[in-house]
Asker: 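Right, I'll just put the structure down here and ask away after.
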Amino acid sequence: MAHSYSLSVDETLHGFTVESAQTLEEIDGNAYTLRHAKSKAKLLYLQNDDENKAFSIAFKTPPADSTGVFHILEHSVLCGSRKFPVKEPFVNLIKSSMQTFLNAMTFADKTMYPVASTNEQDLLNLMDVYMDAVLHPAIYEKRAIFEQEGWHYEIDGVDEPLKYNGVVYNEMKGALSDPDSVLYNALSAALFPDTAYAYESGGDPAVIPELTYEAFLDEHARHYRLDNSYIVLYGDMDIDRVLAFLDERYLNEEQPPAGEPNPLSPQAPVTNLGVIKKMETAPENACMGLGYVVGSSTDRLRVIATDILADVLLGSNEAPLKKALLKADIADDVDGYLIDAQLQPALFVMTKGSKPNTAEAFRQTIEDAARTIVAEGFDRERIEASMARAEFILRERDFGTADGVVLAMSAMAGWLYDDSMATDYIRFEDAFAELRERAAQGYFEDLLREIVLENDHKALAIVEPVETLDESCEEARLAAIKADMDEADIAAIMDEVARLRALQEEPDSPEALATLPLLTLDDIAEAPAEPAWERIDSTPLPCLYHEVPTRGIDYVFAYFDMNRLAFDDLPYATLLAMLLGKLDTSDHSAEELDKLTQTHLGSLRFFVDVYTSEEDPRTISPKFVIATSALSENIEHAVSLTCEIKNSTDFNDPDKIRDILTQTRIRMEQGYATSGNSSALLRCSSYVSETALLREQLSGVDFYRFLKGLLADFDASFDAVVERLVDVAARIFALDGTIVSFTGTPDDRDRFWELAGTLGLSPVENTVRLTVPEPHVKNEAFIVPADVCFAAKGYNAQLLDIPYEGSWQVAAKALSYDYLWNEVRVKGGAYGAGFRALRQGSMQFYSYRDPNLDETIARFDGAASWLATFDPDETEMRGYIISSVAGMDAPVKPRNMARRQDGDYFCDRPSGYREKTREQLLATEPADLRAHGEELARVTERDVRCAFGNRGIIEGSKADYDIVDLLG
């Protein structure tokens with residue numbers, strides 16, 4: 001039910017005074033700023049009809065060192081509080097609420113705690129737990145929280161090595177295995193050496209152990225105060241009820257005295273062009289960056305303009321500055337982007353795969369290109385294209401998460417630095433109108449000149465790969481610390497770890513659990529109605545039509561059958577998807593295409609996907625997909641541009657193709673080091689599943705090896721590759737088997753088919769039929785440049801005749817947020833772990849940024865016996881069911897809804913399967929989960945596993961792995 005309560009300036013409500021009110025077209029609603037008289041808390045209320053409501057509280061937290069204290073606090077305050085004295089209220093909420101978003105984030109100068117839910121009572125429950133957590137955490141009574149989430153020593157005996165452990169410590173070891181992150185930190189420190197931005201707010205593993213418990217508590221006391229807070233409310237809610245809740249529960253209490261928060265001051269201009277950061281990583285991870293401070297966060301127009309400027313200059317391989325840098329052969333790839341949401345926004349230009357001794361050429365090439373552009377003027381079409389794309393994204397509001405959470409983060413990009421700017425970073429309509437007017441007057445040329453050519457606040461940083469960093473070697477530091485210990489010291493550490501383990505294993509008391517606010521099954525609303533869709537055969541090609549409101553945007557997905565390809569053709573299909581839209585066609589150059597697609601389309605993507613029939617799992621349908629989105633008035637361009645690219649791309653451009661292949665190789669390699677869990681899951685699945693084996697050929701390690709082989713023999717094999725690409729494209733783009741999915745109004749659908757016809761397709765004679773080889777178990781461990789590990793283990797339940805039921809979703813929730821959370825994250829120190837059970841049969845465990853391998857696999861193996869004896873009480877069981885239903889019922893954006901329904905069609909899912917799954921989920925009993933424990937034992941007994949990660953961890957494993965140095 002929509003609430004229509006409106007607020008007036010100077011109105012006082014539950015201790016809050018309304019300071020401003022404005023209509024915001026950008027959110028289809030209104031914005032109000034309020035201040036609470038007693039606590040001095042600031043509040044922004046974004047009022048509209050979105051049922052996915054959100055709350056966020058943020059604190060200004062500029063760090064004074066790189067101990068990661070605010071990151072550790074972000075984790076720690078969610079480990080119990082005065083009102084909710086349970087060990088992990090954060091996890092309890094994930095397990096029991098209807099949240100559509102629940103997390104916390106540490107930024108360079110602030111910490112945010114946002115939540116979202118479609119249920120107002122649930123949102124109030126979440127607010128209650130979060131407000132008590134940030135204001136009254138248990139950290140003051142429980143030092144073990146600091147040790148668990150931050151850092152502590154561990155040692156297994158007098159003759160064993162001393163180690164660090166802690167969730168944030170291990171998370172940051174993983175995060176700083178990424179050369180891009182190391183470069184970003186070095187560049188930020190060089191630009192802002194005298195400010196909070198000089199420090200790694202997440203924590204540098206070399207510095208984290210310097211943080212004391214006493215300093216940790218002091219930072220909380222000085223920063224987690226209501227007069228240092230920023231509260232955002234969003235969506236359709238009873239604002240009178242919500243403000244009363246905040247006032248009565250939290251904002252009227254007395255705050256204890258504390259010292260002043262850390263200052264957040266601007267950096268006086270510096271020019272720092274000689275920063276070299278050594279990093280233990282592979283030689284190909286050499287990178288460098290130039291950073292330019294663009295002004296103040298309070299100059300919103302200049303910040304938006306710089307964001308557009310970054311896209312104009314570096315947004316694609318056809319953008320002028322990126323093209324110049326690639327041509328200069330300075331590096332394998334270049335990115336550029338605006339760093340905003342900080343006091344002094346900056347433009348960063350960063351390379352990947354830098355060539356030796358090219359820093360001066362890098363700087364000179366940027367400045368030369370800037371001089372040429374300033375003298376000759378920008379291509380007006382490119383500026384308009386970048387603005388059109390930016391506007392489309394902002395209007396579409398498809399952020400990949402709850403809108404209210406994203407808008408809260410946007411608000412903080414200005415509000416943190418100026419109380420009058422609570423909505424400046426949400427509003428964009430007026431700014432774009434002004435920039436279009438100013439663009440014709442040379443505004444962007446002046447901006448480029450000021451930022452790059454006349455700027456006295458800039459820095460250049462280089463990440464230099466080395467084999468070892470002896471001076472900061474963790475093992476050497478720990479060995480030196482241990483050398484100063486006697487047996488009593490070592491015994492004390494072992495006793496402390498034992499006490500920590502005992503606390504971690506001790507269950508919450510029934511009395512503590514009873515304090516948590518919980519929903520009942522009666523609070524669950526009816527399942528949201530599934531939007532109607534149908535297959536239409538009266539159109540020129542079969543059409544899957546989706547009746548979903550889209551705010552004037554049309555979404556088109558053209559699916560082409562790839563069963564006409566041989567198995568060894570499949571990597572070329574992925575290669576084709578990588579190249580289309582980035583090369584010349586018969587009618588336009590790649591640069592012209594880039595501008596046309598940005599100007600007239602919201603998005604244009606080419607990718608491959610794989611679907612497996614639920615009626616016959618051996619029926620696999622790989623698809624080549626062309627995906628477009630456009631405003632309704634631009635649908636003709638969605639047709640003409642995609643047909644032109646599909647029909648007349650010229651592949652005879654070795655330089656551009658080599659650049660695209662190299663950039664993809666780099667992205668894949670960095671992905672293995674920073675998020676290797678997804679690669680480990682796919683690879684592990686491919687040992688037993690034909691579908692996963694096919695995906696490996698299209699996008700996994702097998703494709704990566706194919707890509708490396710192409711690059712190694714590029715010049716000699718180029719002509720043959722082009723010939724193969726043309727042949728594969730001819731067999732993909734055939735009339736037979738093509739289906740088009742359309743989402744938009746019926747009028748737009750009819751207009752699309754008038755324009756599209758059969759997309760210029762013809763029947764193709766083809767004798768080849770796709771045959772997927774028989775999978776076999778390899779149990780590989782891939783060495784990649786990372787300080788942590790990513791492990792996966794599992795099997796396909798269909799091969800064991802284990803049926804999929806909705807109760808498996810409840811089991812996955814219990815395993816992920818009870819057993820695995822406690823065993824792998826809390827006790828093992830990994831940043832994350834989970835279990836998934838998919839409809840197609842895949843049942844797998846995984847860990848993320850994990851300091852262990854063998855210990856984690858052993859914990860995976862223990863999961864089945866845990867589940868087989870799992871005996872939750874009625875309240876706990878109800879929570880698992882409610883949170884699982886919430887996952888099914890969460891709002892879905894139009895684009896994703898269309899893709900989901902397309903998947904239902906291609907996978908032959910029976911009508912009403914979601915409703916049936918939901919009914920099974922709601923009817924789940926503890927006995928069902930225990931029965932799944934016995935089935936899960938059959939899965940883990942198969943001993944199918946894979947890992948990506950650190951050489952030392954992998955080579956130290958006592959298990960039988962086929963060890964592969966993937967990048968070497």
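Sequence positions, counted from 1, serve as the residue numbers for this chain.
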Asker: Would you check, one step at a time, whether the test side chain to side chain contact (heavy atoms under 4.5 Å, CB included) holds for L314 with V349?
Answerer: CA-CA 8 Å; L314 294 142; V349 183; 3.9 Å; yes

Asker: Any donor and acceptor pair, going by atom type alone, linking the side chain of K893 with main-chain N or O of G400 inside 3.5 Å?
Answerer: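 Absent.
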
Asker: Counting only N and O atoms by type, is there a donor-acceptor contact under 3.5 Å from the side chain of Y197 to the main-chain atoms of L343?
Answerer: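 Yes; judged by distance alone, with no hydrogens or angles, the pair exists.
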
Asker: First locate atom CG of L407, then atom OH of Y425, and finally report the distance between them rounded to the nearest 0.5 Å.
Answerer: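 L407 atom CG to Y425 atom OH measures 15.0 Å (nearest 0.5 Å).
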
Asker: Is it the case that more than 12 heavy atoms not belonging to E633 sit under 6.0 Å from its CD atom?
Answerer: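 Yes, enclosed.
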
Asker: Would you indicate whether the side-chain heavy atoms of Y230 and M112 approach each other to under 4.5 Å?
Answerer: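 Result no, sub-4.5 Å side-chain heavy-atom pair not found.
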
Asker: Short question: side chain of S410, backbone of I426 - any donor-acceptor pair under 3.5 Å?
Answerer: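 Looks like no, no N/O pair under 3.5 Å.
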
Asker: Let's go through D418 and S420 carefully: what are the C-alpha distance in whole Å and the side-chain angles of both, what is the deciding distance for side-chain hydrogen bond (donor to acceptor under 3.5 Å, both in side chains) to 0.1 Å, and is it a yes or a no?
Answerer: CA-CA 5 Å; D418 187 328; S420 70; 2.7 Å; yes

Asker: Do H637 and L596 come within less than 4.5 Å of each other through their side chains, counting heavy atoms only?
Answerer: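 Of all side-chain heavy-atom pairs linking L596 with H637, none is under 4.5 Å.
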
Asker: Do R300 side-chain atoms and D424 backbone N/O form a donor-acceptor pair below 3.5 Å?
Answerer: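 Yes: the side chain of R300 pairs with the backbone of D424.
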
Asker: State whether R895 and D398 are salt-bridged, where the test is any N-O pair (Lys NZ or Arg NE/NH1/NH2 against Asp/Glu carboxylate O) under 4.0 Å.
Answerer: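 Judged by the 4.0 Å cut-off on N to carboxylate O distance, R895 and D398 do form a salt bridge.
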
Asker: So, R436 and E384, do they make that salt bridge, N to O below 4.0 Å?
Answerer: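 Here R436 pairs with E384 in a salt bridge, since their nearest N and O are under 4.0 Å apart.
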
Asker: Measuring from atom CG of L631 to atom CD of E391, what distance do you get when rounded to the nearest 0.5 angstrom?
Answerer: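 L631 CG to E391 CD: 9.5 Å, rounded to 0.5 Å.
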
Asker: Mind listing the closest non-hydrogen atom pair of F101 and A402 along with its distance?
Answerer: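 Taking every non-hydrogen atom into account, CB-CB, 4.4 Å.
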
Asker: I'd like to check E19 versus D419 (side-chain heavy atoms, cut-off strictly below 4.5 Å). Are they in contact?
Answerer: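 E19 does not reach D419 side chain to side chain.
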
Asker: Quick one: closest heavy-atom pair of A590 and K582, and the distance?
Answerer: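 Result for this residue pair: CB-O, 3.5 Å.
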
Asker: What's the shortest heavy-atom distance between F624 and L580, and which atoms?
Answerer: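 It is CZ-CD1, 3.9 Å.
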
Asker: Evaluate F192 against V293 for side chain to side chain contact (heavy atoms under 4.5 Å, CB included), listing each step before the verdict.
Answerer: CA-CA 9 Å; F192 306 107; V293 172; 3.7 Å; yes

Asker: Under 4.0 Å between a Lys/Arg side-chain N and an Asp/Glu carboxylate O for D403 and R397?
Answerer: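 Answer for the salt bridge query: yes.
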
Asker: State, with a plain yes or no, whether a side-chain heavy atom of T358 is found less than 4.5 Å away from one of T351.
Answerer: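 T358 vs T351: side chains apart.
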
Asker: Does I626 reach the side chain of L604, with side-chain heavy atoms less than 4.5 Å apart?
Answerer: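 Touching, per the 4.5 Å side-chain cut-off.
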
Asker: With a 4.5 Å heavy-atom cut-off, do E429 and R395 have their side chains touching?
Answerer: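 Counting from C-beta outward, E429 and R395 do come under 4.5 Å.
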
Asker: Quick one: CE on M412 to CE on M409, what's the gap to the nearest 0.5 Å?
Answerer: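 Between atom CE of M412 and atom CE of M409 there are 11.5 Å.
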
Asker: Which residue pairs pass the salt bridge (Lys or Arg N to Asp or Glu O under 4.0 Å) test when at least one of the two sits in residues 546-557, sequence neighbours left out?
Answerer: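 Counting only pairs at least two positions apart or across chains, the salt bridge (Lys or Arg N to Asp or Glu O under 4.0 Å) contacts touching residues 546-557 are D28-R551.
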
Asker: Salt bridge or not between R449 and E454? Use side-chain N to carboxylate O under 4.0 Å.
Answerer: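 So R449 pairs with E454 through a salt bridge.
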
Asker: List the steps and the verdict of side chain to side chain contact (heavy atoms under 4.5 Å, CB included) for R35 and K42.
Answerer: CA-CA 5 Å; R35 191 181 297 265; K42 296 172 283 292; 3.5 Å; yes

Asker: Supply the atom-to-atom distance T585 OG1 to K646 NZ, rounded to the nearest 0.5 angstrom.
Answerer: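 Output value for this atom pair is 12.5 Å.
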
Asker: Show the numbers, then the answer: is there a ring-ring contact (aromatic ring centres under 6.0 Å, His included) between F392 and H600?
Answerer: CA-CA 10 Å; F392 182 94; H600 299 298; over 10 Å; no

Asker: Which atoms form the tightest heavy-atom contact between F362 and L290, and what is the distance?
Answerer: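 In this case the closest contact between F362 and L290 is CE2-N, 3.7 Å.
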
Asker: Given 3.5 Å as the limit, does a donor-acceptor pair link the side chain of Q344 with the main chain of L191, or not?
Answerer: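 No: the side chain of Q344 does not pair with the backbone of L191.
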
Asker: Is the closest basic N to carboxylate O distance between E445 and R380 below 4.0 Å?
Answerer: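 Salt bridge between E445 and R380, a charged N being under 4.0 Å from a carboxylate O: yes.
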
Asker: Run W415 and V232 through side chain to side chain contact (heavy atoms under 4.5 Å, CB included) and show every step you take.
Answerer: CA-CA 11 Å; W415 198 19; V232 180; 3.9 Å; yes

Asker: So Y559 and D609, side-chain hydrogen bond (donor to acceptor under 3.5 Å, both in side chains) or not? Walk me through it.
Answerer: CA-CA 9 Å; Y559 296 93; D609 207 346; over 6 Å; no

Asker: Where is the tightest heavy-atom contact between L313 and A319, given as atom of each residue plus distance?
Answerer: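 Looks like O-CB, 3.1 Å.
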
Asker: Hey, does H546 have a side-chain heavy atom less than 4.5 Å from the side chain of P531?
Answerer: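 SC-SC contact between P531 and H546 ruled out.
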
Asker: Taking all atoms of both residues into account, what is the closest heavy-atom pair of T365 and L321, and its distance?
Answerer: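 Taking T365 first and L321 second, the nearest heavy atoms are O-CD1, 4.4 Å.
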
Asker: Between K352 and Q670 (side chain of the first, backbone of the second, donor and acceptor by atom type, cut-off under 3.5 Å), is there such a pair?
Answerer: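 Between the backbone of Q670 and the side chain of K352 there is no qualifying donor-acceptor contact (under 3.5 Å).
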
Asker: Counting only heavy atoms from other residues, nucleotides and ligands, does the tally under 6.0 Å from CD of E367 exceed 12?
Answerer: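 Atom CD in E367 is crowded, with more than 12 foreign heavy atoms closer than 6.0 Å.
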
Asker: Please work out which of the three classes, parallel, tilted or perpendicular, describes the rings of F444 and F378, given edges at 30° and 60°.
Answerer: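 Perpendicular, since the angle between the ring planes exceeds 60°.
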
Asker: Within the structure provided, determine whether R382 and P320 are in side-chain contact (heavy-atom separation under 4.5 Å).
Answerer: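 Yes, their side chains come closer than 4.5 Å.
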
Asker: Quick one: sort the F742 and Y545 rings into parallel, tilted or perpendicular, breaks at 30° and 60°.
Answerer: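 Geometry flag for Y545 against F742: parallel rings.
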
Asker: Is the backbone of D584 close enough, under 3.5 Å, to the side chain of S589 for a donor and an acceptor to pair up by distance?
Answerer: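 It does not hold such a pair.
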
Asker: Quick one, N52 with T100, criterion side-chain hydrogen bond (donor to acceptor under 3.5 Å, both in side chains). Give me CA distance, side-chain angles, the key distance, then yes/no.
Answerer: CA-CA 8 Å; N52 198 10; T100 56; 2.6 Å; yes

Asker: Can you tell whether the side chains of D659 and K656 come within less than 4.0 Å, N to carboxylate O?
Answerer: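 Here D659 does not pair with K656 in a salt bridge, since their nearest N and O are not under 4.0 Å apart.
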
Asker: Quick test of your reading of the model: are R899 and D902 salt-bridged, counting only N-O distances below 4.0 Å?
Answerer: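 Salt bridge between R899 and D902, a charged N being under 4.0 Å from a carboxylate O: no.
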
Asker: About how many Å separate CD1 of I553 and CG of D748, when rounded to the nearest 0.5 Å?
Answerer: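 Interatomic distance, D748 CG to I553 CD1, rounded to 0.5 Å: 11.5 Å.
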
Asker: Does the pair T662 and D332 meet the rule for a side-chain hydrogen bond (donor to acceptor under 3.5 Å, both in side chains), with working shown?
Answerer: CA-CA 6 Å; T662 301; D332 292 329; 5.2 Å; no

Asker: What's the separation between atom CG in L44 and atom CG in L34, rounded to the nearest 0.5 Å?
Answerer: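 Separation between the atoms: 8.5 Å.
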
Asker: Checking the side chain of Y184 only, and the main-chain atoms of F348 only, is there a donor and an acceptor separated by less than 3.5 Å?
Answerer: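 No: the side chain of Y184 does not pair with the backbone of F348.
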
Asker: Identify whether the distance between the nearest side-chain nitrogen and carboxylate oxygen of R363 and E360 falls below 4.0 Å.
Answerer: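 Looking at E360 together with R363, the answer is yes, because their closest N to O distance falls below 4.0 Å.
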
Asker: Has T118 got a side-chain atom pairing as donor or acceptor with E51's backbone, closer than 3.5 angstrom?
Answerer: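 No, the answer is negative, given that no donor and acceptor are paired below the 3.5 Å cut-off.
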
Asker: Hey, is the main chain of A341 close enough, under 3.5 Å, to the side chain of Y417 for a donor-acceptor pair?
Answerer: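 Here the side-chain-to-backbone pair exists.
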
